[in-house]
Amino acid sequence: MSPCSKVLIVDDEALIAFDFEMTLESAGYDVMGPATSLDEAFSMVGNEMPRAAILDIDVNQHPVWPLARQLRSNGTYIVFVSANLHHEELSSEFEQEKRLDKPVSGKDLLAALRPAFA
């Protein structure tokens, strides 16, 4: 697929990350990652920005906000996926971004990404 179909996955829960990866690849997306740490994710986007990103909010006990800010400033569509969607940043700084509560079905994940590729 072309670079415009790239989706970054960042989640420190490996089974969830790989489930997301399989779902996206089956739907024809080109997956970056999954990254299981913020350092990995920053390294991946240092070379090429994805069209969309699926971000867990707490990655190895580090908030994802610095990465989310960088992605958003480069025009990346963001979907936050977390078991805890009660972060101040979601209502103050990232109120426009899509968010999904874990556990997430493949159908819901794909539906959340659809606007990025419309």
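In this text, all values refer to a predicted model and were calculated from it rather than measured experimentally. FYI, side chains are in, hydrogens and waters are out, and symmetry mates aren't considered; it's all heavy atoms of this structure.
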Worked verdict on His87 versus Asp58 for side-chain contact (heavy atoms from CB on, under 4.5 Å): CA-CA 10 Å; His87 293 268; Asp58 294 305; 3.6 Å; yes

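- Between atom CG of residue Leu85 and atom OG of residue Ser82 there is a gap of 5.0 Å, rounded to the nearest 0.5 Å.
- Ion pairing of Glu89 with Arg69 is absent here, as no side-chain N (NZ or NE/NH1/NH2) approaches a carboxylate O to less than 4.0 Å.
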CA sep, side-chain torsions, deciding dist, call: Arg51, Val7, side-chain contact (heavy atoms from CB on, under 4.5 Å): CA-CA 6 Å; Arg51 177 80 171 263; Val7 180; over 6 Å; no

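- Applying the ring-ring contact (aromatic ring centres under 6.0 Å, His included) test to Phe117 and every residue at least two apart in sequence or in another chain returns Tyr29.
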side-chain contact (heavy atoms from CB on, under 4.5 Å) assessment of Val45 paired with Gln70: CA-CA 9 Å; Val45 300; Gln70 179 179 337; 3.7 Å; yes

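- Looking at Ser37, its side chain does come within 3.5 Å of a backbone N or O of Glu40 through a donor-acceptor pair.
- Atom CG of Asp11 is separated from atom CZ of Phe18 by 10.5 Å, given to the nearest 0.5 angstrom.
- Nearest heavy-atom pair, Val64 versus Leu38, reported as atom, atom and distance to 0.1 Å: CG2-CD2, 3.8 Å.
- Here the closest non-hydrogen pair linking Ala112 and Leu100 is CB-CD1, 3.8 Å.
- Within a 6.0 Å sphere centred on CD of Glu88, other residues, nucleotides and ligands contribute 12 heavy atoms or fewer.
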Steps toward side-chain contact (heavy atoms from CB on, under 4.5 Å) verdict (Thr23, Ser26): CA-CA 5 Å; Thr23 298; Ser26 293; 6.0 Å; no

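- Put simply, CD1 on Ile16 and CD on Glu21 are 14.0 Å apart, with the number rounded to the nearest 0.5 Å.
- Ala41 and Ala35 make their closest contact through N-CB, 3.7 Å (heavy atoms, listed as atom of the first residue, atom of the second, distance).
- Among all heavy-atom pairs drawn from Pro50 and Met32, the shortest one is CB-SD, 3.6 Å.
- The side-chain contact (heavy atoms from CB on, under 4.5 Å) test with Ile9 singles out one residue from Leu24, Val81, Leu55, and that residue is Leu24.
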